[in-house]
Amino acid sequence: MVVGGDWSYPPYEFIDRNGHPAGYNVELTRAIARVMGVEVEVRLGGWAEMRRALEEGSIDALEGMSYSDERARKVDFTPPHTIVHHSVFARAGSPPVTSLADLKGKEVLVLKGGIMNDYLLQQKVGATIIAVPNHADVLRQLAAGRHDYALMAKLPGLYLIRELGLSNLAPVGPPISSERYGFAVRQGDAELRSRFSEGLAILKNTGEYQQIYDRWLGVLEPRGITWYQAARYGAVVVVPLVLLLGGFALWSRTLHHQVAARTADLTREIAERTHAEEELRLHQQQLVQADKMAALGILVSGVAHEINNPNGLILLNMPVIRDAFADAAPILEEHYRSHGDFTLGGLRYSRMREEIPRMVEEMTDGARRVKRIVEDLKDFARQGDASLLECVDLNGVARAAVRLVDNLIRTSTTRFSVAYGDDLPPVRGNPQRIEQVVVNLVVNACQALPGPERRIALRTFVDPERDEVVLEVRDEGSGILPEHLSHLTDPFFTTKRESGGTGLGLAVSAGIVKEHGGRLDFDSLPGEGTTVRLVLPRGKECPT
């Protein structure tokens with residue numbers, strides 16, 4: 001079969017740098033063709049041209065088309081595979097648009113034949129509609145100062161702004177419209193529509209759909225530093241440092257030949273200077289890293305806020321949808337008994353009556369996972385403003401943490417042991433924040449175990465040589481590869497992403513421990529287990 005699409009609608013569908021079709025829609029179409037056992041050719045072109053091709057029969061389907069009642073009179077739609085949010089884009093300094101009424105009397109750029117073209121005509125907002133053949137030209141004209149606003153899908157808009165370098169454009173105001181987006185076939189082609197619907201359901205059940213979605217429609221990541229920038233910045237720092245070190249070496253050599261009596265003093269001076277330069281370099285690295293983390297904290301705070309609002313609506317509405325289907329079930333069952341099987345959402349009701357409750361639960365679980373990730377992001381971005389002035393009993397904190405995760409421990413291992421050190425001196429800090437770290441270490445140990453017969457041991461003790469208090473968690477889990485050890489506390493680094501890991505737990509814990517003047521030490525052998533030590537300085541001003 002031949003499936004068409006828009007050549008300029010990234011990241012959904014577009015022509016890549018090698019001239020090949022690429023994007024979320026393209027990969028999803030090929031995956032459906034594979035699981036349904038059919039051959040597919042993806043053909044991309046201008047959007048208006050592709051719509052005509054479907055109506056004329058030169059292609060069999062469109063891999064992505066927003067639903068409307070008017071369009072449904074000309075083509076048949078499958079259940080949507082995505083919800084596309086549309087926003088108003090404007091040049092920097094333009095007033096925000098909070099509703100369609102704000103577009104009255106304005107010149108608004110849209111895709112010719114696109115859903116927003118139809119939407120503005122239907123809503124009759126009083127705007128002058130400027131229809132353009134492709135989305136890239138929509139944004140180019142707006143960036144060049146022609147017309148007032150552009151109305152298009154938010155994610156392709158952000159993608160094209162980044163790719164085309166249109167730094168004076170940005171979305172203004174909240175999304176104007178959210179449209180159901182799915183496959184479209186010629187009207188009456190029930191067999192092809194059913195194939196797409198069934199293939200999409202299979203991909204969702206196997207988890208491959210979510211992988212494709214995450215790969216293409218995740219948050220747009222900021223561009224990394226280029227090799228040229230890295231070389232330039234490196235030259236700015238390294239060249240003066242090399243020249244400085246070279247000057248010191250030459251100076252030392254000259255003095256050595258001229259004044260032999262001062263050799264020892266000069267050697268000591270050079271060593272001290274080298275040490276100072278090394279400390280300066282380390283401080284510079286720490287300042288750069290601190291700046292990066294501050295910027296990352298601001299970024300994740302904004303992202304968390306933007307995700308929380310629509311995700312809250314999902315969590316609020318899903319129980320209503322579940323209850324609505326439960327209320328409608330007796331009526332549907334009666335119709336099923338009286339008239340036999342019928343089509344519901346593109347599939348037979350005899351299957352959908354079991355699938356819908358399960359899909360609702362999957363969506364609810366997914367929204368809850370999003371909520372957990374958002375909470376981790378907010379925790380990671382939180383400034384370290386908690387009071388660190390309390391004298392804390394580390395044994396008491398450890399006991400409270402073990403009680404919190406007692407159920408997880410019981411289901412993970414039958415060999416859990418604790419050994420609390422006697423006469424453990426107090427530490428200075430915040431007990432809730434330290435308890436958060438201990439809980440995270442115990443949870444990680446439980447998740448690392450391949451079976452309940454493996455052991456977890458927790459103990460506290462004093463290191464008298466360094467005057468430090470230590471909490472150690474040792475597990476007999478799968479261990480950590482040597483190349484991963486140095487990245488364990490990096491934000492978003494995780495080896496458990498398939499099982500729901502976000503890569504923020506140890507990053508947050510490391511930040512908390514650093515606030516307390518301590519450190520996290522890791523020791524691991526693949527296949528044998530991992531030992532993590534939470535090391536904190538003794539609270540010298542606390543009574544013992």
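Side-chain contact between L520 and L534 is present, with heavy atoms from C-beta onward closer than 4.5 Å. Using a 4.5 Å cut-off on side-chain heavy atoms (C-beta onward), R368 and L315 make contact. Contact annotation: the side chain of N430 never approaches that of E515 to less than 4.5 Å [non-hydrogen atoms, C-beta and beyond]. At a threshold of 4.5 Å between non-hydrogen side-chain atoms, the residues N205 and E355 count as touching. At a threshold of 4.5 Å between non-hydrogen side-chain atoms, the residues E277 and L244 count as touching. Side-chain contact between K154 and L158 is present, with heavy atoms from C-beta onward closer than 4.5 Å. For the pair I434/L536, a side-chain contact is recorded, criterion being any heavy-atom separation below 4.5 Å from C-beta on. Two residues are said to be in side-chain contact when any heavy atoms from C-beta on lie closer than 4.5 Å; P175 and H86 fail this criterion.
Between the E476 side chain and the R455 main chain, a donor and an acceptor come within less than 3.5 Å of each other. Between the side chain of N317 and the backbone N or O of L313, at least one donor-acceptor pair lies under 3.5 Å. Proximity of a side-chain donor or acceptor of N311 to a complementary backbone N or O of A367 within less than 3.5 Å is detected. Remark: the backbone N or O of L142 is paired with a side-chain donor or acceptor of R91 at under 3.5 angstrom. Judged purely by atom type and a 3.5 angstrom limit, R415 has no side-chain atom pairing as donor or acceptor with the backbone of R454. Between the side chain of T414 and the main chain of P452, a donor-acceptor pair closer than 3.5 Å is present. Under a 3.5 Å cut-off, the side chain of S524 and the backbone N or O of G529 do form a donor-acceptor pair. Side-chain N or O atoms of T411 include one that pairs as donor or acceptor with a backbone N or O of L408 at under 3.5 Å. Put simply, the side chain of Y209 gets close to the backbone of H81: a donor and an acceptor are under 3.5 Å apart.
A donor-acceptor contact under 3.5 angstrom links the side chains of D214 and Q210, judged on distance only. Of the N and O atoms on the side chains of T82 and Y24, at least one donor lies less than 3.5 Å from an acceptor on the other residue.
In R180, the CZ atom is not crowded: 12 or fewer heavy atoms of neighbouring residues, nucleotides or ligands sit closer than 6.0 Å. For N18, the CG atom counts as densely surrounded, since its 6.0 Å shell holds more than 12 non-hydrogen atoms of other residues, nucleotides or ligands. Residue-environment remark: CZ (R519) exceeds the threshold of 12 foreign heavy atoms within 6.0 Å.
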Please determine whether side-chain contact (heavy atoms from CB on, under 4.5 Å) holds for the pair C446 and I456, giving the CA-CA distance in whole Å, both sets of side-chain angles, and the decisive distance to 0.1 Å. CA-CA 8 Å; C446 290; I456 296 177; 3.8 Å; yes

V513/V437 under side-chain contact (heavy atoms from CB on, under 4.5 Å): CA gap, chis, key distance, verdict
CA-CA 8 Å; V513 174; V437 176; 4.0 Å; yes

With side-chain contact (heavy atoms from CB on, under 4.5 Å) as the test, would you mind laying out the steps for L441 and L506 before giving the verdict?
-> CA-CA 8 Å; L441 297 183; L506 284 176; 4.0 Å; yes

Discussion item. With side-chain contact (heavy atoms from CB on, under 4.5 Å) as the criterion, how do M363 and I321 come out once you've worked through the C-alpha distance, each side chain's angles and the decisive distance to 0.1 Å?
Written reply: CA-CA 11 Å; M363 288 186 284; I321 295 173; over 6 Å; no

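R34 has a carboxylate O that lies under 4.0 Å from a charged side-chain N of E208, or vice versa, which qualifies the two as a salt bridge. Under a 4.0 Å N-O distance rule, the pair E468/R533 does not qualify as a salt bridge. For the pair R30 and E27, the salt-bridge criterion is not met [side-chain N within less than 4.0 Å of a carboxylate O]. Using a 4.0 Å cut-off between charged nitrogen and carboxylate oxygen, R273 and E269 count as a salt-bridge pair.
To the nearest 0.5 angstrom, L164 atom CG is 12.5 Å from H135 atom NE2. Expressed to the nearest 0.5 Å, how far OG of S87 lies from CD1 of I176 amounts to 7.5 Å. Residue F416 holds its CZ atom at 4.0 Å from CD1 of I409, rounded to the nearest 0.5 Å. Atoms CD1 and CD, on I512 and Q436 in that order, are 3.5 Å from each other to the nearest 0.5 Å. R474 CZ to T530 OG1: the interatomic distance, rounded to the nearest 0.5 Å, is 10.5 Å. Rounding to the nearest 0.5 angstrom, the gap separating the CZ atom in R358 from the CG atom in D365 is 11.0 Å.
When all heavy atoms are compared, the tightest approach of V469 to R538 is CG2-CA, 4.4 Å. Of all heavy-atom pairs between V473 and A445, the closest is CG1-CB, 4.0 Å. Of all non-hydrogen atoms in F14 and G23, the two that sit nearest each other are CE2-CA, 3.8 Å. For A31 against I212, the heavy-atom pair with the smallest separation is CB-CD1, 4.0 Å. Nearest heavy atom pair, residue F89 against residue G157, reads CZ-CA, 3.7 Å. Across every non-hydrogen atom of N25 and G64, the tightest pair is ND2-CA, 3.8 Å.
Only one option out of T413, D406, N407 pairs with R410 in a side-chain hydrogen bond (donor to acceptor under 3.5 Å, both in side chains); it is D406.
Both tests do not hold together for R215 against Y213: distance to the six-membered ring centre under 6.0 Å, angle to the ring axis within 45°.
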